[in-house]
Amino acid sequence: MKKIIMLLITILLVFSLVACNQEAINEEITTDIVDSTEFTEDELGEVINVVEYYFEPSVSTIEGTLITRMYYGPPGYGENPDTDIQEYPFILQLDDPIDVLVQEGDLHNSDKCEVTEIQVVPINTENIEIVEQYINKRIKIQGTLFEALTGHHHTNVLIEVEKVLD
């Protein structure tokens, strides 16, 4: 009986090692494919180039169509629509998806792939007034990208506006 138990343990150990090794091989293959791919398919199956941007402190210039959209805020963030505040953040709809990547040593953000919308965060009253003029219009924004942190952040990636470009 002892030999059978030892044999079963040995077989389980061998299967575990093989499975772990296969998983590592699959990760290597997936990583190689992702790292070498610069194109993706849109919802219609057409191949498009995905542009890469970097999170803060890098300054980025992005453009698209500016909209506003209602989101529920505090206290329940949608759990109690009758009592929750309605928030209308600026949202930049991009023409094509982008990848936003972390830089070495960045502990606050994580890579975000195929981003199609970015919440726009004006940093002062002057920028708010300028950005408001572009609702439902094309806009080009220069600023720093950062990852959502609070319940008031309604997209995975946000841009803190430094200036609006012509």
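Of all non-hydrogen atoms in T155 and Q119, the two that sit nearest each other are OG1-N, 2.9 Å. Across H153 and L158, no two heavy atoms sit closer than the pair CD2-CD2, 3.4 Å. Taking every heavy atom of both residues into account, I159 and L145 meet most closely at CB-CD2, 3.7 Å. Across all non-hydrogen atoms, the minimal contact from N109 to E56 is ND2-OE2, 3.5 Å.
The shortest side-chain heavy-atom distance between V100 and Y54 does not fall under the 4.5 Å cut-off. No side-chain heavy atom of V164 sits under 4.5 Å from any side-chain heavy atom of N127. Two residues are said to be in side-chain contact when any heavy atoms from C-beta on lie closer than 4.5 Å; I67 and I135 fail this criterion. Here the side chains of L165 and T61 are in contact, with some heavy-atom distance below 4.5 Å. Side-chain contact between I118 and L94 is present, with at least one heavy-atom pair separated by less than 4.5 Å. Residues P122 and E129 are not in side-chain contact: their nearest non-hydrogen atoms beyond the backbone lie 4.5 Å or more apart. I62 has its side chain out of reach of K140: every pair of non-hydrogen atoms, C-beta onward, lies at least 4.5 Å apart.
Considering CD of E162 and CD1 of I123, their distance stands at 6.5 Å, rounded to 0.5 Å. Atom-to-atom distance recorded for C113:SG and L101:CG is 6.5 Å, nearest 0.5 angstrom. Put simply, OG1 on T116 and CG on L92 are 10.5 Å apart, with the number rounded to the nearest 0.5 Å. One distance of note links CD1 of I139 with CD of Q93; it measures 13.0 Å at 0.5 Å rounding. The CG atom of N136 sits 7.0 Å away from atom OG1 of T68, with the distance rounded to the nearest 0.5 Å. For the atom pair CD of E63 and CD1 of I141, the computed distance is 10.0 Å after rounding to the nearest 0.5 Å.
E160 contributes no side-chain N or O that, together with a main-chain N or O of F146, makes up a donor-acceptor pair within less than 3.5 Å. In this structure, the side chain of D99 engages the main chain of E114 through a donor-acceptor pair within 3.5 Å.
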- Message: With side chain to side chain donor-acceptor pair (under 3.5 Å) as the criterion, how do Q142 and S60 come out once you've worked through the C-alpha distance, each side chain's angles and the decisive distance to 0.1 Å?
- Response: CA-CA 6 Å; Q142 182 177 320; S60 300; over 6 Å; no

- Query: Please walk me through it: do L66 and E132 pass side-chain contact (heavy atoms from CB on, under 4.5 Å)?
  - Reply: CA-CA 9 Å; L66 187 71; E132 282 179 328; over 6 Å; no

- Task: For the pair H108 and F55, evaluate ring pair (Phe, Tyr, Trp, His ring centres under 6.0 Å) and give the outcome as yes or no after the intermediate values.
- Result: CA-CA 9 Å; H108 303 290; F55 282 110; over 10 Å; no

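Following chains of ILVMFWY side-chain contacts shorter than 4.5 Å, one cannot reach I130 starting from V121, and the two form parts of different hydrophobic clusters. Linking ILVMFWY side-chain heavy atoms closer than 4.5 Å, directly or via other members, places V161 and F90 in a single hydrophobic cluster.
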Using a 3.5 Å cut-off and no angle test, enumerate the donor-acceptor pairs between side-chain atoms of residues 70-82 and protein atoms at least two apart in sequence or in another chain.
{"residue": "Y71", "atom": "OH", "partner": "R69", "partner atom": "NH1", "Å": "2.9"}
{"residue": "Y77", "atom": "OH", "partner": "H152", "partner atom": "NE2", "Å": "3.4"}

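Counting only N and O atoms by type, the side chains of E87 and H154 include a donor and acceptor under 3.5 Å apart.
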